[in-house]
Amino acid sequence: MSQLNVDTIEPEGASTTLTLGASGDTVTLGSGASASGFDSGLASVQTFTSSGTWTRPSGITKVIMEVQAAGGSGSGSANTEDTQGGGGGGYAKKFLDVSSISTSTITVGAGGAGVAGSGTNAGNIGGASSWADGTNTITGNGGGAGETTNDTPTVGGTATNGDINIQGGDGLSRYNADEFTGGGSMLGFGGMGKTTSRTTVARPPRGYGAGSGGAYNTGSSETGGAGIVIVWEYK
């Protein structure tokens, strides 16, 4: 509950009444007084699940953005040693004064496409996501494509120019004691691999930006988790 403590409130000439909260309590302001300070703080949120343009709403002066890249897809092979999950996408979080910025180009990465579980097929890299306003570019790089050698881990995507930059999780192989699972992201969980020995039904990535599991000798790997850009807008 908010509380306002003052010694005296006096109207000067014509007055304005400000109602505080659901209780109906009021404060009377003089003709030259202002209540503009009461409307500061979080005002709105714009969420981008596809590429587009961010346009600054009236009165917005600052934003906190979350830039999440897409995840890569797991590899596919008839050999367990050549199967790995895709990497998770990189994540950047940034506080930015947008008083002099009217628009920004938003790019949202697509998840890496799945590949066949027969033969030996590397996965596909996830797409990068970014905010680019002409002065500031904040980027999350896509998660790595599922590798086809057991001694080369599938690496999660990096991120740049955020106040916080977090690399996506690495894709796993059989030798990680978690068969062919995709790497996680800040906003998502990696998918489960598809094998003939344990399950013929893969579990796709959950949320945003995670890698998909690999496919061992059956079906195909799932598409990596798509990216997302979230813009929290403040007055």
Side-chain angles (χ1 to χ4, degrees), residues 49-51 67-92 107-130 139-160 165-229:
T49 54
S50 60
S51 299
V67 178
Q68 174 66 65
S73 63
S75 57
S77 178
N79 185 346
T80 58
E81 295 183 1
D82 296 334
T83 307
Q84 290 196 35
Y91 168 92
T107 301
V108 176
V115 298
S118 58
T120 300
N121 304 293
N124 288 293
I125 193 169
S129 296
S130 64
T139 303
N141 295 302
E147 295 282 351
T148 56
T149 55
N150 62 35
D151 58 352
T152 304
T154 301
V155 179
T158 57
T160 58
N165 301 299
I166 299 177
Q167 187 170 2
D170 294 345
L172 302 180
S173 69
R174 180 179 185 183
Y175 296 95
N176 296 110
D178 194 346
E179 292 192 3
F180 327 131
T181 300
S185 71
M186 277 297 292
L187 300 179
F189 298 91
M192 180 186 296
K194 181 184 293 187
T195 74
T196 52
S197 60
R198 292 193 177 185
T199 177
T200 57
V201 180
R203 299 290 188 270
R206 309 287 174 85
Y208 296 94
S212 73
Y216 162 54
N217 203 31
T218 183
S220 62
S221 60
E222 299 286 328
T223 299
I228 189 171
V229 176

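Please read these numbers as outputs of a predicted model, since none were measured by experiment.
Here the closest non-hydrogen pair linking Gly74 and Ser212 is N-OG, 2.9 Å. Nearest heavy atoms, Ala78 versus Tyr216: O-CE1, 3.1 Å. Scanning both residues, Ser185 and Tyr208, for their nearest heavy atoms gives OG-O, 2.6 Å. Closest approach of Ala92 and Asn165 over heavy atoms only: CB-OD1, 3.6 Å. Closest approach of Asp82 to Thr149, counting heavy atoms only: OD1-CA, 4.3 Å. Looking at every heavy atom in both residues, Ser73 comes nearest to Gly112 through CB-O, 3.3 Å.
Rounded to the nearest 0.5 angstrom, Asn79 CG and Asn217 CG are separated by 9.5 Å. The CG atom of Asn124 lies 9.0 Å from the OG1 atom of Thr223; values are rounded to the nearest 0.5 Å. Once rounded to the nearest 0.5 Å, the distance linking CE of Met192 with CD of Glu222 reads 11.5 Å.
Looking only at distances, a side-chain donor or acceptor of Thr154 sits under 3.5 Å from a matching main-chain atom of Gly85. A donor-acceptor distance shorter than 3.5 angstrom exists from the side chain of Ser129 to the backbone of Gln68, with no hydrogens or angles considered. Side chain of Ser51 to backbone of Val108: a donor-acceptor contact under 3.5 angstrom is found. Panel note: side chain Thr148, backbone Asn121; no donor-acceptor pair is recorded below 3.5 Å. Side chain of Ser221 to backbone of Val115: a donor-acceptor contact under 3.5 angstrom is found. Side-chain atoms of Ser75 come within 3.5 Å of backbone N or O of Gln84 as a donor-acceptor pair.
You'll find the side chain of Val155 reaches within 4.5 Å of the side chain of Asp170, heavy atoms only.
Atom OH of Tyr91 has more than 12 neighbouring heavy atoms from other residues, nucleotides or ligands inside a 6.0 Å radius.
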